[in-house]
Amino acid sequence: MKISVLGAGAIGTMLGGLIRDNDPTCEVVLLGRGPHIQTIRDSGRVQLQGPWPDRDVPIIGTDDPADIAGSDMVLVTVKSQATAEAISAAAPYLGSAIVVSVQNGFNDDALLQHVDEKHLVMGITATNVTVPQPGTASLQFNGTIVLGPNAQGTNAASATAATKILEKTGFRVFEEANVEGVRYNKLAINSPGYAASLSQSNFITEAVCHRGWRGAVGKPLADECLRVFDTAGVKLARIPKLPDIRKLRGFFGKLDSPLLGPVVGTGAKLIFNRRPIQFSLYQDLLKGKGTEVDHTLGEIVRLAERNGTTAPYNQMVIDLAREIENRGAGKFFTREEVIDRFRQIESR
């Protein structure tokens with residue numbers, strides 16, 4: 001069996017590497033660009049770090065789309081803004097492969113330009129992976145993958161087959177009938193996480209557990225997402241084994257409690273000071289890369305507009321991310337600056 005990864009950054013490298021490590025009979029090709037893929041190509045190996053001894057896994061690294069020819073499955077993990085270009089370059093070599101999008105954004109239209117809907121499966125992964133150095137992928141938190149058939153069920157067979165293949169990662173893998181609801185849920189969870197990234201704040205200990213940030217930024221974003229989804233008639237589905245946006249909103253409420261708040265906050269700090277969550281937006285802004293915020297939180301803004309409402313808090317995250325992009329790599333706001341900009345929304 002041949003598995004290829006289109007856009008092998010942190011997530012794609014980890015998924016492909018784990019498949020190869022857990023099933024050496026699989027041929028795995030990591031397609032990407034830059035020093036990370038060059039290092040893998042030159043060494044013929046990738047190092048996987050996680051809650052296990054470091055693993056050096058034999059694997060193929062390449063920057064030539066032709067090398068994915070003959071694949072049984074192609075994982076799309078490229079950044080959302082690069083989806084159209086990447087799938088266009090890969091299209092001549094896809095054949096009858098099952099194509100599985102494991103991306104943050106809603107890139108269905110771009111993918112359907114080149115992939116038959118019977119072979120296209122949309123999904124998400126809820127995990128945290130970084131590339132600490134070229135040729136290495138580091139898993140910070142155990143992963144969950146959720147995918148499923150489209151609303152018409154035309155790709156049901158492909159969704160089931162993809163689920164079985166992705167179980168080779170060792171991640172928790174779930175097939176969900178309402179995968180769109182899962183995808184929107186993940187966008188909503190990312191929304192306050194991205195806002196914390198604007199000031200390099202540890203999402204839990206320096207943002208969620210900070211009363212000022214929670215009141216001005218976190219809760220308004222969560223409430224806005226839920227309002228937009230309700231207006232649009234989006235039926236959310238939970239990400240199995242992980243909190244959803246409603247539970248996150250409830251966590252905000254517990255922290256506000258005079259009795260529960262200090263206890264909950266202390267416990268959260270003990271955990272997340274040791275293992276902070278690093279959102280992809282933060283990693284991109286730190287390195288001066290273009291972000292996919294227009295394809296992630298932008299989807300919430302567009303969903304609101306399509307249904308006659310607005311999403312000014314999510315739009316503010318997008319606007320501030322763009323400002324940091326224009327400033328240059330690593331030039332973040334302070335937490336207080338982010339709080340102030342969000343409070344200005346209330347006075348409009």
Open item on the list: Less than 3.5 Å apart, any donor N or O on the side chain of Asn307 or Thr309 sitting next to an acceptor on the other?
Closed with: no

- [ ] For Pro312 and Ile345, work out which heavy atoms get closest and say how close.
- [x] O-CD1, 3.8 Å

Task: Proximity of Tyr194 and Tyr282 rings by center, below 6.0 Å - done: no

Open item on the list: Atom NZ of residue position Lys287 - does it have more than 12 heavy atoms of other residues, nucleotides or ligands inside 6.0 Å?
Closed with: yes

TODO: Kindly say whether Ser197 contributes a backbone atom to a donor-acceptor pair with the side chain of Ser201 at under 3.5 angstrom?
DONE: no

Task: More than 12 heavy atoms of other groups within 6.0 Å of Lys2 NZ - done: yes

Open item on the list: With a 4.5 Å cut-off on side-chain heavy atoms, are Val208 and Phe251 touching?
Closed with: yes

- [ ] For the pair Asn22 (side chain) and Thr169 (backbone), establish whether a donor and an acceptor sit closer than 3.5 Å, ignoring hydrogens and angles.
- [x] yes

Open item on the list: How long is the straight-line distance from CD of Gln38 back to CZ of Arg33, given to the nearest 0.5 Å?
Closed with: 14.0 Å

Task: Gly218 backbone acceptor or donor facing Arg214 side chain under 3.5 Å - done: no

TODO: Measure the spacing between CG of Leu198 and OG1 of Thr334 and express it to the nearest 0.5 Å.
DONE: 11.0 Å

Task: Any donor-acceptor N or O pair under 3.5 Å, side chains Gln344, Asp340 - done: yes

Task: Salt bridge present between Glu167 and Arg172 (N-O < 4.0 angstrom) - done: no

- [ ] Locate the shortest heavy-atom distance separating Ser199 from Val338; write the atom from each residue and the value.
- [x] CB-CG2, 4.2 Å

Task: Non-hydrogen side-chain atoms of Pro220 and Asp223 separated by less than 4.5 Å - done: no

TODO: Would you name the heavy atoms of Glu117 and Asn155 that are closest together and state the gap between them?
DONE: O-CB, 3.2 Å

Task: Min side-chain heavy-atom separation Asp72-Ile98 under 4.5 Å - done: no

Open item on the list: Ignoring hydrogens, what is the shortest heavy-atom contact between Leu281 and Ala321? Give both atom names and the distance.
Closed with: CD1-CB, 4.4 Å

Open item on the list: Quick check against the 3.5 Å criterion: does Thr13 have a side-chain atom that pairs as donor or acceptor with the backbone of Gly9?
Closed with: yes

Task: Member of Leu18, Ile40, Leu48 meeting the side chain to side chain contact (heavy atoms under 4.5 Å, CB included) criterion with Val57 - done: Leu48

TODO: Identify whether the distance between the nearest side-chain nitrogen and carboxylate oxygen of Arg183 and Asp108 falls below 4.0 Å.
DONE: yes

Open item on the list: With no hydrogens and no angle check, just 3.5 Å: does a side-chain donor-acceptor pair link Asn178 and Lys235?
Closed with: no

Task: Side chain to side chain, Asp67 and Leu31, heavy atoms closer than 4.5 Å - done: no

Task: Any side-chain donor near an acceptor of the partner, Gln103 and Ser101, under 3.5 Å - done: yes

- [ ] Please examine the side chains of Thr125 and Thr144, heavy atoms only from C-beta on, and report whether any two atoms are closer than 4.5 Å.
- [x] no

Task: Criterion side-chain contact (heavy atoms from CB on, under 4.5 Å) on Thr136 and Gln49, from CA distance to verdict - done: CA-CA 7 Å; Thr136 300; Gln49 299 175 348; 3.6 Å; yes

Open item on the list: Looking at Lys79 and Asp284, is any side-chain nitrogen of the basic one under 4.0 Å from a carboxylate oxygen of the acidic one?
Closed with: yes

Open item on the list: Does any part of the side chain of Ile145, heavy atoms only, come nearer than 4.5 Å to the side chain of Phe174, both counted from C-beta?
Closed with: no

TODO: Using the six-membered ring wherever Trp is involved, compare the ring planes of Trp213 and Phe203 and label them parallel, tilted or perpendicular (cut-offs 30° and 60°).
DONE: perpendicular

Open item on the list: Ignoring hydrogens and geometry beyond distance, is a side-chain donor-acceptor pair present between Glu292 and Asn104 at under 3.5 Å?
Closed with: yes

Open item on the list: Looking at Asn190 and Gly193, would you say the former's side chain and the latter's main chain have a donor-acceptor pair under 3.5 Å?
Closed with: no

TODO: Measure across Ala90 and Ile68 and return the closest heavy-atom pair with its distance rounded to 0.1 Å.
DONE: CB-CD1, 3.8 Å

Open item on the list: Count I, L, V, M, F, W, Y as connected when their side-chain heavy atoms are under 4.5 Å apart, and connections chain through other members. Are Leu6 and Met1 then in the same cluster?
Closed with: no

Task: Closest approach of Phe229 to Ala188 (non-hydrogen atoms, all atoms of both residues) - done: CE1-CB, 3.7 Å

Open item on the list: Any salt bridge linking Asp256 with Arg211? Criterion: basic side-chain nitrogen under 4.0 Å from a carboxylate oxygen.
Closed with: yes

Open item on the list: If only side-chain N and O atoms count, and only distance matters, is there a donor-acceptor pair under 3.5 Å linking Gln283 with Thr130?
Closed with: no

- [ ] Determine whether Asn314 and Leu221 make a side-chain contact, defined as any pair of heavy atoms from C-beta on separated by less than 4.5 Å.
- [x] yes

Open item on the list: Can a side-chain donor-acceptor contact be found between Ser96 and His119 if the only test is distance below 3.5 angstrom?
Closed with: no

- [ ] Establish, from distance only, whether the side-chain atoms of Thr291 and Arg322 form a donor-acceptor pair under 3.5 Å.
- [x] no

Open item on the list: To the closest 0.5 Å, what do you measure between CZ (Phe342) and CG (Leu320)?
Closed with: 6.0 Å

TODO: State whether the number of non-hydrogen atoms from other residues, nucleotides or ligands found under 6.0 Å of Glu337 atom CD is greater than 12.
DONE: yes

Open item on the list: Could you check whether Ser80 and Asn107, counting side-chain N and O atoms only, form a donor-acceptor pair closer than 3.5 Å?
Closed with: yes

Open item on the list: I need the Thr296 OG1 to Phe279 CZ distance, nearest 0.5 Å.
Closed with: 11.5 Å

Task: side-chain contact (heavy atoms from CB on, under 4.5 Å) evaluation trace for Val5 with Val29 - done: CA-CA 6 Å; Val5 180; Val29 176; over 6 Å; no

- [ ] May I ask you to say whether Lys219 pairs ionically with Glu224, meaning some side-chain N is under 4.0 Å from a carboxylate O?
- [x] no

Open item on the list: Other members of the hydrophobic cluster containing Val179, with the 4.5 Å side-chain heavy-atom rule, please.
Closed with: none

- [ ] May I ask you to decide whether Asp56 forms a salt bridge with Arg45, counting only side-chain N to carboxylate O separations under 4.0 Å?
- [x] no

Task: Heavy-atom side-chain proximity of His114 to Val99 below 4.5 angstrom - done: no

- [ ] Might you confirm whether atom CZ of Arg227 has over 12 heavy atoms from other residues, nucleotides or ligands at distances under 6.0 Å?
- [x] yes

